[in-house]
Amino acid sequence: MPPQSRELLHLYRRLLRSCATYPSKNRMGIYQAIREEFRDNRTLNPDDQKTHQQIQVAYKGLGQLQMYDTMSLSKGNPENPNWEVTLEQNPMPKP
């Protein structure tokens with residue numbers, strides 16, 4: 001498996017795991033959207049600029065999902081009540 005494919009598979013798995021802990025009523029919708037987006041784009045050319053942009057958007061989405069992960073928020077101690085979340089003004093700009 002090429003290194004880039006391995007990296008994308010790792011990103012895909014991390015997105016799905018982070019989605020599982022995301023506190024939202026629409027968690028399953030987000031989960032399905034991630035799966036569909038990766039499925040729809042699996043045949044894209046890895047060297048294309050559009051592909052690189054979509055990968056960057058996926059990493060940004062992963063960061064946003066991880067903002068709400070209790071282990072990340074509590075810095076490894078789920079009993080720690082000191083949570084801090086910082087949001088961007090326009091995290092997903094439309095192309």
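FYI, side chains are in, hydrogens and waters are out, and symmetry mates aren't considered; it's all heavy atoms of this structure.
- Contacts of Y22 classified as ring pair (Phe, Tyr, Trp, His ring centres under 6.0 Å), with partners at least two apart in sequence or in another chain: Y68.
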Show me the side-chain donor-acceptor pairs of residues 35-47 shorter than 3.5 Å, one per line, residues at least two apart or across chains.
residue, atom, partner, partner atom, Å
E37, OE2, N41, ND2, 3.1
N41, ND2, E37, O, 3.0
N45, OD1, D47, N, 3.1

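- When all heavy atoms of C19 and L65 are compared, the closest pair comes out as N-CD1, 4.2 Å.
- For residues 9-19, no pair satisfies side-chain hydrogen bond (donor to acceptor under 3.5 Å, both in side chains), with sequence neighbours left out.
- The two residues L62 and L11 make their nearest non-hydrogen contact at CD2-CD1, 4.0 Å.
- Among residue pairs with one or both ends in residues 43-65, none qualify as ring-ring contact (aromatic ring centres under 6.0 Å, His included); sequence neighbours excluded.
- With values rounded to the nearest 0.5 angstrom, Q32 atom CD is found 10.5 Å from N26 atom CG.
- When side chains are defined from C-beta on, Q53 counts as touching Q49, because their heavy atoms get closer than 4.5 Å.
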